[in-house]
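Just follow the structure's listing: the first ligand is 1, and inside any ligand the first atom is 1. Just so you know, these numbers come straight off a predicted model, no measurement behind them.
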Amino acid sequence: MKSYNPKDIEPKWQQTWAQTGIHKAVDFDERPKYVMLTEFPYPSGDGLHSGHAREYTIGDVMARYKRMQGYNVLYPMGYDAFGLPTENYAIKTGVSPQEATATNVANFRKQFDSLGMSIDWDRQVNTTDPNYYKWTQWLFLQFHKAGLAYQKEMAINWCPKEKTGLANEEVVNGRHERCGTLVEKKLLKQWMLGITKYADRLIDGLKDLDYPDRISSQQINWIGRSEGAEIDFKVGDETITVYTTRPDTLAGATFMVLAPEHPAVQAITTAEQKGKVESYIKAAQAQSEIARTDDTREKTGVATGAYAINPLTGKEIPVYIADYVLMGYGTGAIMAVPAHDQRDYEFATKYQIPIVPVVGGDKLPQTEPGVLINSGEFDGLESTEAKSKITEHLEARGVARKAVKYRLRDWIFSRQHYWGEPIPIIHCDKCGAVPVPEDQLPVVLPTVESYEVGENGESPLAQVDDWVNVDCPECGATAKRETDTMPNWAGSSWYYLRYFDANNDQTFADPEKLKYWGAVDMYLGGMEHTTLHLLYSRFWHQFFYDQKLVPTPEPYVARRGQGIVLAADGRKMSKSIGNVINPTDVIAKTGADALRLYILFMAPYDESTAWSDEHLSGVSRFLYRVWDLLQKPVEESADTLEMDRIMHKTIQKVTEHLDTMRFNTAVSTLMECVNALNKQRALTPTVARQLTMLLAPFAPHMAEEIWAELGEKESIHVSGWPGFDPELVVDDVIEVAIQVNGKLRGTMPAAVDASKEELETAAKDVASVQKHLEGKEIVKTIIVPGKMVSFVVR
Ligand code: ANZ
Ligand code: ZN
């Protein structure tokens with residue numbers, strides 16, 4: 001008996017698969033297509049970690065399963081290789097980002113292979129390859145042409161440690177999420193992408209997608225759509241517009257608050273208040289946005305000395321500035337309703353401003369909608385109705401409009417860094433920001449002497465004079481290249497499209513291939529990418545759809561998020577704690593099949609779970625048991641109903657569990673099956689084959705080896721997926737014997753509660769029985785339900 005040795009069989013089959021190319025996706029093939037996408041990795045110097053192993057194993061199981069079912073599966077992979085760690089490594093060691101990336105990619109590739117991934121490597125993409133980023137730049141220019149890429153002087157979030165501008169989503173609790181440094185503000189001219197124009201589409205599009213609720217609702221909350229009204233207040237000669245979601249409370253607006261940065265502050269502030277106002281503004285600027293929106297902070301502010309007219313009551317109300325009102329949201333000014341808003345209530349209490357309830361209730365502040373009071377002609381209306389009635393009333397007077405606001409801001413698309421896609425723009429004194437002509441793409445990153453950011457935060461590219469200085473493509477005058485680069489979210493916003501046609505040098509992807517592959521059928525990735533990458537790439541795709549560049553309105557039909565793999569101690573894996581599990585070490589010990597099976601078995605795929613060496617050994621021992629089972633004699637004559645029933649039930653369950661991505665229970669079903677079959681003396685060829693096929697997506701190397709031993713010539717991974725007989729999976733099926741003239745001529749499966757008539761008809765249909773009935777007359781039929789059918793013939 002041969003023994004199981006993963007160290008021999010795994011590399012052998014990996015090589016064979018690479019040579020025979022069974023994992024290649026075929027453009028325009030007649031089989032139905034299935035695109036299985038997993039988020040591509042950042043090729044760090046540390047190599048693949050166990051989180052990667054989980055993500056890519058799940059993707060690979062789905063890919064193999066669908067391939068066996070007869071789909072033309074595309075399971076591609078690539079590298080999201082721009083970004084700061086590589087640049088910081090270059091600063092530290094002098095090794096160029098290009099060189100470091102090449103080394104890391106080669107290492108990742110080895111690890112992917114050692115995991116037994118069925119990836120179509122002909123379609124590999126690398127975001128830092130000029131042949132790839134040429135198209136990232138081209139797509140940027142499409143945004144530019146459509147007016148969705150524009151420049152703006154911005155007080156950007158600035159990480160003083162890494163000297164880089166940050167998007168809001170990279171700031172967590174006022175700190176740079178990557179390095180933990182307190183974020184500052186800095187004024188810089190930035191490139192912006194107009195994602196807010198797509199805010200409604202990004203919400204509405206979710207309806208037709210198969211995304212888990214928690215992903216959809218996170219995206220909806222992030223976009224933060226709010227419906228209300230803009231209302232104009234007169235302040236002397238000025239008109240100041242506020243944004244409110246509660247126009248029904250207008251009669252209760254007893255003061256107004258402007259953000260300290262509001263442009264009207266200087267004009268309305270009285271001479272007496274000037275000094276106080278100015279020092280308050282200074283103090284407010286030093287506060288982070290996070291601190292300013294912290295509801296537990298004591299409210300502060302100062303009066304401007306000016307008064308506004310409440311357009312509903314006609315009364316004069318004082319105008320304050322306070323840092324709890326932000327310039328970046330709504331209009332940067334609010335009507336404050338202390339009776340019905342918590343923050344306004346605290347402010348009014350502190351500064352002794354009148355509090356007038358206008359919605360009925362017994363406590364203050366009463367923030368729930370209700371029935372209006374103290375609101376003149378609107379008294380007695382429900383809040384909802386009052387909202388529209390009051391807005392219409394003001395609209396008729398030309399002092400209000402319905403308005404929709406979003407918390408989502410436009411996307412800051414500039415980074416002052418070397419290791420990113422150069423933004424393909426040339427600045428000319430006469431012509432302004434001129435796109436690099438398409439036939440001059442890609443704008444290739446030049447080699448630089450230093451990767452450090454300049455003193456004033458300018459990109460390292462600014463030092464490369466002969467790269468920066470070019471002729472203006474429009475007027476020929478001396479001009480300068482844009483030296484900012486794109487954020488590392490750029491290349492990942494469209495990479496899935498490139499997999500459909502990875503080597504095209506005429507366009508980003510051939511329209512016919514885009515049509516054939518359509519949208520991604522299943523996209524697996526981390527929950528941490530829900531509001532960043534996943535939203536960004538949906539935005540790009542929706543824009544491409546509008547530009548008729550892609551045939552589908554959404555990029556990903558279905559999305560799932562895999563859970564985190566924690567260390568054995570339940571903590572996050574971290575080099576500094578020393579609790580990291582390295583997939584390569586595990587493969588060296590137990591083989592890739594055991595690692596894969598364990599990863600799937602450890603928990604439902606979308607739950608976080610802690611690593612356990614013990615469970616890994618358990619799963620590894622199971623594989624040895626499977627191996628031994630399949631070394632049993634394989635005989636046609638071993639056929640029993642019991643064995644068939646075990647097998648068909650297993651097929652049914654594993655199929656169901658794979659369809660619903662319940663990998664852990666699929667594996668436990670296989671374990672039960674193996675235990676049950678172990679009680680058999682021998683296996684039939686059919687059962688041996690079926691079990692091996694079920695094993696194939698999970699333990700692809702072992703399954704392929706056994707398959708070959710069973711005498712099969714083709715790979716098991718394109719062999720088809722076993723079906724099951726519905727009759728054999730019904731639990732109350734029993735075996736019934738059939739006799740003709742007292743001799744056993746056959747058996748048949750039958751439901752325990754089958755009637756005599758049903759049993760008689762079914763028995764006559766059994767081939768081995770028919771032979772003995774042919775041309776004879778049945779003189780008597782004896783039926784013992786649940787046991788036997790006996791014919792007496794002449
Ligand atoms: C009057 C009012 C009365 C309000 C009331 C609320 C309750 P969302 O839903 O988040 O859009 N607001 C408007 N602009 C603001 C800004 N730049 N900074 C801080 N607060 C601002 O919130 C909209 C509400 O937040 C608006 O409705 C406004 O206060 C406040 F009983 O107006 B409300
Ligand atoms: Zn010019």
Side-chain angles (χ1 to χ4, degrees), residues 199 220-231 233 240-263 284 287 289-290 292-295 297 299 301 310-312 317 320-348 355-361 364-370 372 374-375 383-384 386-387 390-391 400 402-409 425-437 469-481:
I220 290 168
N221 289 341
W222 187 260
I223 295 165
R225 187 189 145 97
S226 114
E227 280 176 44
E230 283 182 0
I231 302 177
F233 285 63
I240 294 179
T241 304
V242 305
Y243 173 67
T244 178
T245 46
R246 296 292 304 276
D248 55 316
T249 64
L250 178 53
T254 52
F255 61 108
M256 176 187 262
V257 185
L258 307 187
E261 303 85 352
H262 194 287
Q287 298 281 345
E289 183 165 322
I290 307 296
R292 286 176 57 171
T293 49
D294 178 357
D295 281 340
R297 237 169 104 246
K299 305 288 170 288
N310 182 320
L312 196 63
I317 58 173
Y320 285 79
I321 61 172
D323 65 6
Y324 73 90
V325 174
L326 303 171
M327 196 54 226
Y329 187 66
T331 60
I334 65 162
M335 60 181 225
V337 185
H340 304 294
D341 181 275
Q342 180 66 36
R343 295 170 301 177
D344 300 347
Y345 180 79
E346 289 167 26
F347 194 89
I355 299 172
V356 179
V358 290
V359 175
L364 287 180
Q366 140 62 31
T367 55
E368 297 298 309
L372 263 66
N374 296 330
S375 298
S383 283
T384 332
K387 270 185 200 174
I390 292 179
T391 308
K402 286 205 182 80
V404 175
K405 303 285 176 200
Y406 305 90
R407 206 167 318 268
L408 183 73
R409 314 285 169 82
I425 293 285
I426 292 166
H427 296 283
C428 168
D429 284 343
K430 266 183 275 168
C431 314
V434 180
V436 172
N469 298 313
V470 284
D471 294 342
C472 168
E474 267 171 31
C475 72
T478 316
K480 280 186 187 307
R481 283 192 194 281

Relative to Y329, does R407 satisfy both conditions: NZ or CZ under 6.0 angstrom from the six-membered ring centre, and within 45 degrees of the ring's axis?
->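 Ring-cation test returns yes.
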Enumerate, one pair per line, all nitrogen or oxygen atoms of ligand 1 lying under 3.5 Å from a protein nitrogen or oxygen, stating the separation to 0.1 Å; write 'none' if no such pair exists.
{"from": "ligand 1", "atom 1": "10 (O)", "to": "R407", "atom 2": "NH2", "distance (Å)": "3.2"}
{"from": "ligand 1", "atom 1": "11 (O)", "to": "S226", "atom 2": "OG", "distance (Å)": "2.7"}
{"from": "ligand 1", "atom 1": "11 (O)", "to": "Y329", "atom 2": "OH", "distance (Å)": "2.4"}
{"from": "ligand 1", "atom 1": "17 (N)", "to": "L326", "atom 2": "O", "distance (Å)": "2.7"}
{"from": "ligand 1", "atom 1": "17 (N)", "to": "Y329", "atom 2": "O", "distance (Å)": "2.8"}
{"from": "ligand 1", "atom 1": "18 (N)", "to": "L326", "atom 2": "N", "distance (Å)": "3.1"}
{"from": "ligand 1", "atom 1": "27 (O)", "to": "T244", "atom 2": "OG1", "distance (Å)": "3.3"}
{"from": "ligand 1", "atom 1": "27 (O)", "to": "T245", "atom 2": "N", "distance (Å)": "3.0"}
{"from": "ligand 1", "atom 1": "27 (O)", "to": "T245", "atom 2": "OG1", "distance (Å)": "3.2"}
{"from": "ligand 1", "atom 1": "32 (O)", "to": "T244", "atom 2": "OG1", "distance (Å)": "2.6"}

Within 6.0 angstrom of D471 CG, more than 12 heavy atoms from elsewhere =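 Enclosed: over 12 neighbouring heavy atoms sit under 6.0 Å from CG of D471.
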Does a salt bridge link [X] with [Y], judged by any charged N lying under 4.0 Å from a carboxylate O?
{"X": "E230", "Y": "K405", "value": "yes"}
{"X": "R297", "Y": "D323", "value": "yes"}
{"X": "E261", "Y": "R292", "value": "yes"}

Using 2.8 Å as the cut-off, note every protein N, O or S atom close to the Zn ion (ligand 2).
->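 For the Zn ion (ligand 2), the protein N, O and S atoms that sit under 2.8 Å away are C428 SG, C431 SG, C472 SG, C475 SG.
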Flag the pair N310 / L250 as yes when at least one side-chain heavy-atom distance between them is below 4.5 Å, and no otherwise.
->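 Side chain of N310 against side chain of L250, heavy atoms only: contact under 4.5 Å found.
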Check: R225 and V404 side chains under 4.5 Å, non-hydrogen atoms =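 Contact flag for V404/R225 side chains = yes.
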For I240 and H262, which heavy atoms make the closest approach, and how far apart are they?
->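 Taking every non-hydrogen atom into account, CG2-NE2, 4.2 Å.
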Please state whether the rings of F347 and F255 are parallel, tilted or perpendicular, taking 30° and 60° as the class boundaries.
->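 The rings of F347 and F255 lie parallel, inter-plane angle below 30°.
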